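Here the structure is laid out as structure tokens; the discussion comes afterwards.
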Number of protein chains: 2
Amino acid sequence: MDYSNLLKSAKLKATIQRVTLLEIIDHDGHSSIDDIYTVTKESMPTLSLATIYKNILLLLEKGILEEVAISGKKSKYEIKKSDHIHLICQTCGSVEDKHLDKKIEESIDIYIDEDSFHISKSHINLYGICKKCNEQETLIYF
Amino acid sequence: MDYSNLLKSAKLKATIQRVTLLEIIDHDGHSSIDDIYTVTKESMPTLSLATIYKNILLLLEKGILEEVAISGKKSKYEIKKSDHIHLICQTCGSVEDKHLDKKIEESIDIYIDEDSFHISKSHINLYGICKKCNEQETLIYF
DNA sequence: CTGACTGCAAACGTTTTGCACGGTA
DNA sequence: TACCGTGCAAAACGTTTGCAGTCAG
């Protein structure tokens, strides 16, 4: 993805800070403010928290980023794409994307009466234990 | 619901503050910290924010309350019940519960492989515009 | 070259903590 | 009565803001 043009198309200047921020989020998939700050500390030690906050807010307003609100944890941010499912591991905190199956979408649409509630976006977050953590948990007993 | 016994069964003392807190959340359906503080200011002016925070945390740990993390807004808290859908109005901020239809649950279960991710709870949040706000928006044009 | 953006530091709001007092069991 | 829980004030934390200097277009 060309982050520079993505920013310019939103009438924002393509600064190194912004491109770096988008690179990190896109690479990680889902990043919290702290995640971003920790990573940038290495490659760009001068980048300030204030700049991260300002840009996250700006990119949310422009619809380039989307906030993933997570129960019991800090929010994470992702590049905005079509609605999808989040598998959130309660052990390691990882977030995995899962394509939103048409059948699920349909069954929700049929169930929610469009006259009484007009849906603009669906956030489906499934909390549980991911494969990796589940295997590690099992190992303890051996 | 008998909040006093609910608390006692969790080995917590049934103080007036805790019972009041549960009453408010149960009555409103979904309350933020501020919501609770504002309401209690009238009936119980001495109740402190610190007490609200301490108890929310405690009741979450005990599994009596559940956090509803909302994108772009402060979290709300609800009495823990079986998984259900939240219809979140982006205009007025109201949250409405909707029973989680078996068909939706099934289509998710079939879609997510239990071997690779073990689901413990589903948070389905649908963001949009509620009936009331939608009607009011239409009225502007007359 | 100019307006937009960054980075610092200070301000602000929210949440947590420690401790003396008060209330429940 | 014993101990858990409350309320106050202070501390800690996360986020926002103002401003001078810097950079992208």
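The model shown is predicted, which means the values in this text are computed figures rather than measured ones.
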Inset, instruction - Output all residues satisfying ring pair (Phe, Tyr, Trp, His ring centres under 6.0 Å) with A:H30, sequence neighbours left out; order by chain, then residue number. - result: A:H86
Inset, instruction - Determine the sole option in A:D34, A:D35, A:I33 for which the side-chain contact (heavy atoms from CB on, under 4.5 Å) test with A:K74 is passed. - result: A:D34
Inset, instruction - Could you state the atom-to-atom distance from NZ of B:K8 to C1' of C:dG23 in whole Å? - result: 13 Å
Inset, instruction - Using the rule that two of Ile, Leu, Val, Met, Phe, Trp, Tyr join whenever any of their side-chain heavy atoms come within less than 4.5 Å, decide whether B:I52 and B:L59 are in one cluster. - result: yes
Legend entry - Minimum-distance pair of heavy atoms, taken over all atoms of A:K121 and B:S71: NZ-OG, 4.0 Å
Legend entry - Set of residues satisfying ring pair (Phe, Tyr, Trp, His ring centres under 6.0 Å) with respect to B:H99, sequence neighbours excluded: none
Legend entry - Interatomic distance, A:N5 CG vs D:dG25 P [rounded to whole Å]: 10 Å
Inset, instruction - Take atom CE of A:M44 and atom P of D:dC23, then tell me their distance rounded to the nearest Å. - result: 12 Å
Legend entry - Short side-chain N/O contact from A:S48 to OP1 or OP2 of C:dC8, under 4.0 Å: no
Inset, instruction - Output, in order, the C-alpha distance, side-chain angles, deciding distance and verdict of side chain to side chain donor-acceptor pair (under 3.5 Å) for B:H118 and A:Q90. - result: CA-CA 10 Å; B:H118 186 271; A:Q90 291 169 314; over 6 Å; no
Inset, instruction - Rounded off to whole Å, could you give me the CD1-to-C1' distance for the B:I36 and D:dT6 pair? - result: 16 Å
Inset, instruction - Using a strict 4.0 Å threshold on nitrogen-to-oxygen distance, state whether A:K81 and A:E66 make a salt bridge. - result: no
Inset, instruction - May I have the distance from B:Y77 (atom OH) to C:dT14 (atom C1'), rounded to whole angstrom? - result: 11 Å
Inset, instruction - Identify, with sequence neighbours excluded, every residue that meets ring pair (Phe, Tyr, Trp, His ring centres under 6.0 Å) alongside A:Y127. - result: B:H123
Legend entry - Residues in side-chain hydrogen bond (donor to acceptor under 3.5 Å, both in side chains) contact with B:S75, at least two apart in sequence or another chain: B:E67
Legend entry - Separation of C:dT6 C1' from A:I56 CD1 (nearest whole Å): 15 Å
Inset, instruction - Assign a letter to each nucleotide of nucleotides 10-17 of chain D from its 5' end: B, base within under 4.0 Å of a protein heavy atom; S, sugar-phosphate only; -, no contact. - result: ----SSBB
Inset, instruction - Check the distance between C:dA4's P and A:L59's CG and give it to me in whole angstrom. - result: 17 Å
Inset, instruction - Rounded to the nearest angstrom, tell me the gap between atom CG in A:L47 and atom P in D:dT22. - result: 17 Å
Inset, instruction - Using heavy atoms and a sub-4.0 Å distance, could you list which residues of residues 9-20 of chain B are near DNA chain D? By number, please. - result: B:L12, B:K13, B:T15, B:Q17, B:R18
